[in-house]
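For reference, the structure discussed in these notes is given below.
Proteins get letters first, then strands, A, B, ... in listed order; numbering begins at 1 in each. All heavy atoms count here, side chains included; hydrogens, waters and symmetry mates do not.
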2 protein chains.
Amino acid sequence: MTTHAQPRTRWPELGHAGGLVLLELLLHGAQSRVRLAENVGLSRASLSRIARELLDLGLVVEGDVELRESRGRPPETLHLRPEAAHFLGVKLTGDTLYAVVTDLSARVVEQRAVPLPSRGVDTVVALLTEVAADLSAGATAPVAIGICLAGDVLRSGPDLVVRRSSFLGWNEDVPLAALVGPATGLPVTVSNDVHALTAAHHWFGSGVAYEPLVVYGLGAGIGSGVVVGGELLEGAHGRTGRIGHLRVGGTGRVCENGHDDCVHSFVTIPSIEFNAGVAPGDYATALRRARAGEARAVDAFRRAAFALGGIIAESVNAFDPQMVSVMGEGRDMLDIAPQELRRALLEYLEQGDVDEVRIERPPFDFSLYARGAAVSAMRALLAG
Amino acid sequence: MTTHAQPRTRWPELGHAGGLVLLELLLHGAQSRVRLAENVGLSRASLSRIARELLDLGLVVEGDVELRESRGRPPETLHLRPEAAHFLGVKLTGDTLYAVVTDLSARVVEQRAVPLPSRGVDTVVALLTEVAADLSAGATAPVAIGICLAGDVLRSGPDLVVRRSSFLGWNEDVPLAALVGPATGLPVTVSNDVHALTAAHHWFGSGVAYEPLVVYGLGAGIGSGVVVGGELLEGAHGRTGRIGHLRVGGTGRVCENGHDDCVHSFVTIPSIEFNAGVAPGDYATALRRARAGEARAVDAFRRAAFALGGIIAESVNAFDPQMVSVMGEGRDMLDIAPQELRRALLEYLEQGDVDEVRIERPPFDFSLYARGAAVSAMRALLAG
DNA sequence: ACATTTTGTTCCACGCTGGCACAAAATGAC
DNA sequence: GTCATTTTGTGCCAGCGTGGAACAAAATGT
């Protein structure tokens with residue numbers, strides 16, 4: 001009956017079916033009640049009830065009457081009201097805390113990049129709390145927090161625990177969610193960064209509707225996430241998709257395990273820099289030289305593309321995905337040496353399958369990691 | 001009220017909760033009502049109703065009163081009544097049709113091995129129908145049929161389609177379930193053989209309670225199956241777990257893709273025979289020579305163990321399983337060269353993780369494939 | 001004999017669901 | 001313009017499965 005025009009400061013308790021309807025709207029956009037009912041498998045009667053509830057909560061609004069070519073009463077389309085709730089997403093790196101606030105449609109409405117004064121757990125938690133408080137002041141106060149970082153996140157009972165994070169120098173398991181939750185008073189989700197990216201890509205990116213879906217995050221390291229049955233694979237210890245130590249032959253940069261011929265030795269940004277013969281951290285130069293056709297740089301990217309093709313083939317063999325999405329700031333080998341990637345697929349896959357593998361290169365921006373964390377928080381609320 | 005002592009000839013329609021209780025009994029054995037209620041997440045009241053229904057259907061019986069040390073009324077344990085229903089499982093190879101009939105506890109009560117007169121689709125379907133009719137005569141008439149074979153099984157709409165099976169010489173997709181179902185009048189499930197083995201091992205073998213679970217089937221080829229979230233990974237085209245073309249270095253038998261350094265080149269029985277220098281088909285001699293310490297045979301098994309370690313490492317990296325089970329008639333490298341397997345794990349995994357990987361070698365018999373098919377049929381009934 | 005503890009069962013209210021009938025809002029035929 | 005037709009949205013109601021509460025049952029301990 002009443003329609004609340006203000007954003008919510010707390011996430012309401014939704015029934016299972018309510019969450020389902022919202023999810024359907026998130027995934028496939030505005031729809032009429034009848035189509036929604038079909039898609040989530042409910043009767044029109046039930047859907048009418050739920051729509052009423054969501055309208056009253058202000059999570060959904062009635063859109064324009066859709067003009068149809070056929071006869072009959074025109075359907076009233078239901079739209080998500082994106083500004084109804086906001087979520088804080090954080091990506092932690094070794095030196096910076098990237099924070100975004102997104103709305104219900106995962107659009108970024110606020111953004112921060114705060115340098116880390118130190119890597120101590122206390123410092124990080126304090127900084128997180130401060131940023132959360134800062135971003136809770138305005139009209140887009142978040143209702144939940146998602147945090148992601150490059151590392152293993154274990155589920156230990158109800159707690160989400162960060163396992164010894166090398167780049168943060170945390171030698172012990174850190175129950176990050178249990179520390180940040182009470183400090184901010186908001187529900188907190190912690191996840192691996194590429195897993196978060198994967199969730200966001202599956203829900204809001206072009207990865208919608210592909211299942212299984214495999215997402216790669218290429219950058220300082222290699223990560224991957226897999227969605228099967230609408231859920232992110234978590235594994236026994238939150239360590240799925242760590243496919244970076246496949247040996248592909250050749251000689252490259254020595255990885256932290258002491259290999260000089262594994263995927264890490266060729267695909268990561270530090271490896272490309274090393275193999276291209278530029279100074280550590282000077283990826284831009286390696287890229288420029290490769291584009292100019294300089295032999296050594298081109299070769300570094302070609303070998304990166306071949307190695308990437310190797311692990312893509314492995315994940316195709318393992319997961320049989322409908323789509324493989326390559327993301328991250330270090331995926332330029334896709335443009336520079338696509339034929340090498342294809343060569344690797346031919347090498348590692350059974351012949352007939354190569355053309356059935358769908359690989360995409362969605363738009364990428366580093367803030368997508370933080371956005372992914374926000375989406376993970378959103379997902380946790382919709383699921384539970 | 002009434003207890004039917006006879007085996008069922010048709011599977012009853014069970015509610016969702018009823019299937020859940022039965023599943024719990026299958027997985028963890030006899031239990032009291034209260035424990036069952038806790039384990040499946042129902043109230044005692046609801047569980048009492050369901051237990052009554054299952055008792056009336058004759059699927060479950062009340063066992064002895066369990067004597068407890070503590071005070072209070074002793075619980076009445078519920079047991080599965082294994083003879084209440086039977087299932088036909090078939091494993092198809094290039095020359096033989098292996099059939100078993102199992103009861104509800106997956107115990108094999110009948111067994112057949114019928115030579116295939118020819119590999120034509122019609123012949124196979126006719127033979128399947130004949131075997132089904134033969135085994136339906138006795139007191140253990142099956143209520144459903146499961147068929148498995150070494151190949152890809154696609155789900156095309158409601159149909160289960162066998163994709164061009166090389167060893168059967170089927171060049172086209174064959175809708176095997178749609179052919180056998182009407183001919184026998186029973187519900188039919190078709191699956192990959194190692195997937196069927198995996199399902200059975202997860203439900204009835206030592207793989208119970210491990211999740212994710214990865215199962216390898218080593219024999220004429222290599223297959224693997226993965227269970228995540230209680231479900232077998234199916235993938236987009238029923239082709240998950242095909243991890244056999246990883247390149248591990250060295251030189252072995254040339255596989256069908258033209259590689260001489262991939263896992264197939266070392267792990268399959270034909271490869272071991274070739275690499276050991278014995279006649280094709282004479283695996284027994286290779287095994288005997290290796291056990292006697294003959295250098296070339298030992299080397300073949302060592303390289304097989306190393307290659308196996310490589311793919312096990314890959315699946316650990318990909319799926320983060322709690323348990324890896326190695327099955328199949330060609331897994332002797334586990335005994336002959338265990339240190340080579342460990343060396344491969346050290347090579348392909350991150351150091352700290354090697355000791356956390358749990359690898360088991362459950363009892364194996366070739367009839368387990370057919371049993372697995374029967375279990376797949378059972379699972380389909382419980383799920384739907 | 002009686003309190004205590006734990007299990008199994010019956011009763012009943014609650015919530016969610018879908019079928020049905022009906023209202024609402026458009027088009028098309030006349 | 002009126003009326004049949006078509007499709008959408010909603011109110012009503014019976015049905016189903018569920019869990020809480022009370023109670024019966026079967027053991028132990030005092």
Donor-acceptor pairs under 3.5 Å, side chain of residues 225-235 of chain B to any protein atom, not counting sequence neighbours: which ones?
unit_1: B/Glu234; atom_1: OE1; unit_2: B/Arg155; atom_2: NH2; d: 3.3

Q. In Å, rounded to the nearest 0.5 Å, how long is the span from OG1 of A/Thr102 to CZ of A/Phe204?
A. 7.5 Å
Q: Please determine, by modelled atom types, if A/Arg49 and A/Ser46 share a side-chain donor-acceptor pair under 3.5 angstrom.
A: yes
Q | No-hydrogen, no-angle side-chain donor-acceptor test under 3.5 Å, A/Ser206 and A/Glu360 | A | yes
Q) With a non-hydrogen cut-off below 4.0 angstrom, is A/Leu47 in contact with a base, only sugar-phosphate, or nothing? A) nothing
(Q) So, using side chain to side chain contact (heavy atoms under 4.5 Å, CB included) as the criterion, who are the partners of A/Asp320 when residues are at least two apart? (A) B/Ala236, B/His237, B/Arg239, B/Thr240
Q: Indicate yes or no: at least one non-hydrogen side-chain atom of A/Val60 is less than 4.5 angstrom from one of A/Arg81.
A: no
Q | CG-CD distance between B/Leu14 and B/Glu53, expressed to the nearest 0.5 angstrom | A | 6.5 Å
Q.
Is the phosphate of D/dG19 approached by B/Ser46 (side-chain N or O, under 4.0 Å from OP1 or OP2)?
A. yes
Q) So, are B/Arg33 and B/Glu62 salt-bridged, with charged N and O less than 4.0 Å apart? A) yes
(Q) Whole angstroms only, please: what is the CD-P distance between A/Glu38 and D/dT7? (A) 12 Å
Q. Would you say the side chain of A/Arg73 and the base of D/dT8 hold a donor-acceptor pair, judged only by whether the two atoms sit under 3.5 Å apart?
A. yes
Q. Rounding to a whole Å, what distance do you find between A/Leu14:CG and C/dC16:C1'?
A. 15 Å
Tabulate atom names and distances for all N/O pairs under 3.5 angstrom spanning the protein and nucleotides 9-11 of chain C.
unit_1: C/dT9; atom_1: OP2; unit_2: B/Arg33; atom_2: NE; d: 3.2
unit_1: C/dT9; atom_1: OP2; unit_2: B/Ser48; atom_2: OG; d: 2.6

Q) Which of residues 15-25 of chain B sit near DNA chain D, with a heavy atom under 4.0 Å from it? A) B/Ala17
Q. Which of the following nucleotides, D/dT8, D/dG19, D/dT18, is nearest to the side chain of A/Pro75?
A. D/dT8
Q: Could you tell me whether B/Glu76 and B/Arg73 have a side-chain N and a carboxylate O separated by less than 4.0 Å?
A: yes
Q) Can you tell me how far the CG atom of A/Leu36 sits from the NE2 atom of A/His28, to the nearest 0.5 Å? A) 11.0 Å
Q.
Taking side chain to side chain donor-acceptor pair (under 3.5 Å) as the definition, give me every residue that meets it alongside A/Arg44, ordered by chain and number, with sequence neighbours left out.
A. none
Q. From the list C/dT27, D/dT18, C/dG8, which nucleotide is the closest neighbour of the side chain of A/Arg71?
A. C/dT27
Q: Mind calculating the distance between CG (A/Leu36) and P (D/dG9) to the nearest angstrom?
A: 10 Å
Q) Through what angle, rounded to 10 degrees, does the axis of the helix from C/dA1-D/dT30 to C/dC30-D/dG1 turn between its ends, using five pairs per end? A) 10°
